[in-house]
Amino acid sequence: MLNSQPDPDRTTSAADDTASVERPVPSNAAVAAFGSDVVAETLRALDIPYIALNPGASYRGLHDSIVNFLGNERPQILLCLHEESAVAIAHGYAKVTGRAMAAAVHSNVGLLHATMAIFNAWCDRMPVIVLGATGPVDATKRRPWIDWIHTAADQGALVRHYTKWDDQPASPGAAREALLRAFWLASTAPQAPVYVNLDAEMQEARLPAPLPPIDAQRFLPRVAASPPEGVVSRAAALLAAAKRPLILAGRVSRDLDAWNRRVQLAEALGARVVTDLKLGAAFPTAHPLHVAARTTLATDDVPAAIREADAILSLDWLDLAGVVQVAGGAPGATVVQVSLDHQLHNGWSKDHQGLPAVDLFVAADPDATVEALVTQLRRHPGSPAHAAARARPLPPMPSPDGPMALADMASVLRRAVGDRDVCLTHVSLSWHGDLWDFSHPLDYIGSDGGAGMGAGPGISVGAALALKGSGRMPIAICGDGDFMMGCTAIWTAAHYRIPLLIVVANNRSFYNDEVHQERMAIARNRPIENKWIGQRITDPDIDMAQIARAQGAHGFGPAADASALQAALTEAIAVVERGGVAVVDARIVPSYSAATFATMARGTP
């Protein structure tokens, strides 16, 4: 038995129509009687609202406990058609809320399916509670054939290199403790996914006696991640003395107060600010101190800004060494790095990036550090900048009946959206920051983390779930390859009444690799005309709209010109505003921006 208090920030009314789906017949199970009941009530004590899953016999005990012991509420099951989608949905939910939800995967085979999504969440530093299961560890309890192939000696080893912690508890009491520890570790900075593997026999065995009650909140202590005052004072003095300070705004939260403090810090210092399209919105892009509209790759004015700076403040920048390398090598500027990421580096995955040159390291949470710096800078006034944000006009409307580039598609979408509050839950690899301004931390939540194709739809469904009732429309811009790899996540959105708009930037090619093949051909003096072979997704073209309709969503298109796209988006937005799921197939010509081509020509992947 567990006692807990629900999170006061969790909104239940927004999910009422989701909660109305799959209501179970009431059960008389009121007291935990089986091992899996203990696991289920622990999930509830942690105030985990949802558990996304693809069913499997290895955790049939837990499935029964959630439905018949908890009444399929807190957590509510979200049925998915693939384990990768289940974890991606939990990942997307965390990207919006900063809180972990759960995903369950069946045995070793389900975990193998889920590995790409777990790796994405790991690289994105997002908390996800992944629950797994194994056939009975006791070999005498295994069913012939199937339990044997679904049992592994060390199942956690499959994901140990890209999870923060894993465990395989052997008793209900140990399972309760494992879940408490898992949630605490996943939620404590630096955040990351965790994995808890549940023995099938432990789940299904009857409890010999009730477990003693505990207060779950006492096992989830808040870990202070604030910087020492002396270190903050040194950083503030360095930044205040700089004539050309630069802030690299990297991994930061979706908190609006923290966003406003970053603006306050930049204006107090007169510091220019760089953001990264691989990460969520961190600073208003129309602000005069924002350096350049970012792409996924290191392009535009960023290298020049780094070369010109005499002090650089990195707020957990994703790849500090890499962006300095693109700028031409070790900067002459004094570098202050704020990050806790080093606590996760394990050597197997190289997602920690290169080792940067740093003059002052602040091992603390970036949001907490910015707050402390703002306070300190009152004692070290710099050269404040109070210029008003510039409102960039809409680009010209593209030709109504000509072929569309990605920028044309974005222009039509911006006009269709109008003044609605939206959240870009995903953008395609060719997306450029000039196409959309961000003025709120939820305007854009970043990419998939591990550059794993197929993540866009699932992450977007999870983000849309978290945004229900917020008044903000979730919009995903997915490439056609990304969409096709993860498109079965659409069924989960349609089934659970999760409003979402997906626009497929459909160039009918794995175009990023066409560019790479062109580079190889030029380097080896071979015909570039062959770059399309093994890359083009044509003959036959895929009917994206029909794939959406087949799963209960509304499909529109293909729209091959601005006029057709405008009409499709008008209908699609109306569907989403009524609570539905809409997919628009926007046919665009394969292309990258000139800046992206220049970057790839320099050899940046």
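Keep in mind the model is a prediction, meaning the values are calculated, not measured.
- Residues Gly479 and Ser428 approach most closely at N-CB, 4.0 Å, considering heavy atoms.
- Two residues are said to be in side-chain contact when any heavy atoms from C-beta on lie closer than 4.5 Å; Asp480 and Ile537 meet this criterion.
- When all heavy atoms are compared, the tightest approach of Leu220 to Leu46 is CD1-CD2, 3.6 Å.
- Legend: salt bridge (charged side-chain N to carboxylate O under 4.0 Å, His left out) pairs involving residues 53-65, not counting sequence neighbours, sorted by first then second residue: Arg60-Glu204.
- Interatomic distance, OG of Ser171 versus CZ of Arg176, reported as 10.0 Å (0.5 Å rounding).
- Atom CH2 of Trp348 has more than 12 neighbouring heavy atoms from other residues, nucleotides or ligands inside a 6.0 Å radius.
- Using modelled atom types, one finds a donor on one side chain and an acceptor on the other under 3.5 Å when comparing Asp316 with Ser339.
- Interatomic distance, CD of Glu41 versus CG of Leu179, reported as 11.0 Å (0.5 Å rounding).
- A salt bridge links Asp17 with Lys468: the distance from a Lys NZ or Arg NE/NH1/NH2 to an Asp or Glu carboxylate oxygen falls below 4.0 Å.
- With a 6.0 Å radius and a threshold of 12 heavy atoms from other residues, nucleotides or ligands, Arg160 has its CZ atom above the threshold.
- Residues Val583 and Val504 meet the side-chain proximity criterion, which asks for heavy atoms closer than 4.5 Å.
- A search for side chain to side chain contact (heavy atoms under 4.5 Å, CB included) contacts involving Ala100 returns Pro127, Ile129, Phe183, not counting sequence neighbours.
- The ring pair (Phe, Tyr, Trp, His ring centres under 6.0 Å) pairs that include a residue from residues 476-508 are Trp491-His495, where partners are two or more places apart or lie in different chains.
- Annotation for Ala489 and Val461: closest pair O-CG2, 3.6 Å, computed over non-hydrogen atoms.
- Panel note: side chain Gln155, backbone Ala133; a donor-acceptor pair is recorded below 3.5 Å.
- Counting only distance, with no hydrogens or angles, the side chain of Arg143 and the backbone of Lys141 share no donor-acceptor pair below 3.5 Å.
- Taking 4.5 Å as the limit, some side-chain heavy atom of Leu465 sits within range of a side-chain heavy atom of Leu78.
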Verdict with reasoning, Ile89 to Met101, per side-chain contact (heavy atoms from CB on, under 4.5 Å): CA-CA 9 Å; Ile89 287 171; Met101 64 170 271; 4.3 Å; yes
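- Side-chain atoms of Thr134 and Asn197 include no donor-acceptor pair closer than 3.5 Å.
- For the residue pair His91/Asp124, the side-chain donor-acceptor check at 3.5 Å is satisfied.
- Closest non-hydrogen pair, Ile445 versus Ala463, comes out as CD1-CB, 3.6 Å.
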Derivation of the side-chain contact (heavy atoms from CB on, under 4.5 Å) call for Asn506 and Met544: CA-CA 9 Å; Asn506 185 2; Met544 308 286 179; 3.8 Å; yes
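- Between Val137 and Gln168, the closest side-chain pair of non-hydrogen atoms falls below 4.5 Å.
- The CZ atom of Arg497 lies 14.5 Å from the CZ atom of Arg578; values are rounded to the nearest 0.5 Å.
- Looking at Arg99 and Ile48, their side chains never come closer than 4.5 Å, going by heavy atoms from C-beta outward.
- There is a side-chain donor-acceptor pair under 3.5 Å between Ser58 and His106.
- Sequence neighbours left out, not one pair with a member in residues 453-466 passes salt bridge (charged side-chain N to carboxylate O under 4.0 Å, His left out).
- Across all their heavy atoms, Val581 and Ile498 have their closest contact at CG2-O, 3.2 Å.
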Step-by-step side chain to side chain donor-acceptor pair (under 3.5 Å) determination, Ser509 to Asn507: CA-CA 5 Å; Ser509 172; Asn507 61 17; 4.9 Å; no
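- Ala189 is linked by a side chain to side chain contact (heavy atoms under 4.5 Å, CB included) to Leu340, counting only residues two or more places apart in sequence or in another chain.
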Worked verdict on His161 versus Ser349 for side-chain contact (heavy atoms from CB on, under 4.5 Å): CA-CA 7 Å; His161 292 304; Ser349 172; 5.9 Å; no
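- Checked against the 6.0 Å centroid threshold, Trp165 and Tyr195 do not count as a close aromatic pair.
- At least one donor-acceptor pair closer than 3.5 Å links the side chain of Asp482 to the backbone N or O of Gly454.
- Side-chain contact, Trp122 with Asp351: a donor N or O sits under 3.5 Å from an acceptor N or O.
- A donor-acceptor pair under 3.5 Å is absent between the side-chain atoms of Arg74 and the main chain of Leu70, judged by distance alone.
- For Arg142 (side chain) and Trp148 (main-chain N/O), no donor-acceptor pair under 3.5 Å exists by modelled atom type.
- Contact between Ala90 and Ala103 at its shortest, heavy atoms only, is CB-CB, 4.4 Å.
- Rounding to the nearest 0.5 angstrom, the gap separating the CD atom in Glu201 from the CG atom in Asp138 is 5.5 Å.
- Atom OG of Ser447 and atom CD1 of Ile459 lie 7.5 Å apart (nearest 0.5 Å).
- The closest donor-acceptor contact from the side chain of Ser27 to the backbone of Asn68 lies under 3.5 Å.
- Checking side-chain atoms of Asn72 against main-chain N and O of Ile77 turns up a donor-acceptor pair under 3.5 Å.
- Between Leu53 and His63 the shortest side-chain heavy-atom distance falls below 4.5 Å.
- Using a 4.5 Å heavy-atom cutoff, the side chains of Thr115 and Tyr162 are in contact.
- When side chains are defined from C-beta on, Thr163 counts as touching Ile118, because their heavy atoms get closer than 4.5 Å.
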Pair Leu501-Val584, side-chain contact (heavy atoms from CB on, under 4.5 Å): steps then yes or no: CA-CA 8 Å; Leu501 172 60; Val584 177; 4.1 Å; yes
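- For the side chain to side chain contact (heavy atoms under 4.5 Å, CB included) test, residues two or more places apart in sequence or in another chain that qualify with Ala33 are Asp37, Arg206.
- With hydrogens and angles disregarded, no donor-acceptor distance shorter than 3.5 Å links the side chain of Arg549 to the backbone of Ile547.
- In this pair, Tyr93 and Tyr50 present their aromatic rings perpendicular. The plane angle is above 60°, beyond the 30 to 60° band.
- Here Asn108 contributes atom CG and Thr151 contributes atom OG1; the two are 7.5 Å apart, rounded to the nearest 0.5 Å.
- A salt bridge links Arg125 to Asp341: at least one charged side-chain nitrogen sits closer than 4.0 Å to a carboxylate oxygen.
- Under the 3.5 Å distance criterion, the side-chain polar atoms of Gln203 are matched with a main-chain donor or acceptor of Leu62.
- In this structure, Asp319 contributes its side chain and Gln353 its backbone to no donor-acceptor pair below 3.5 Å.
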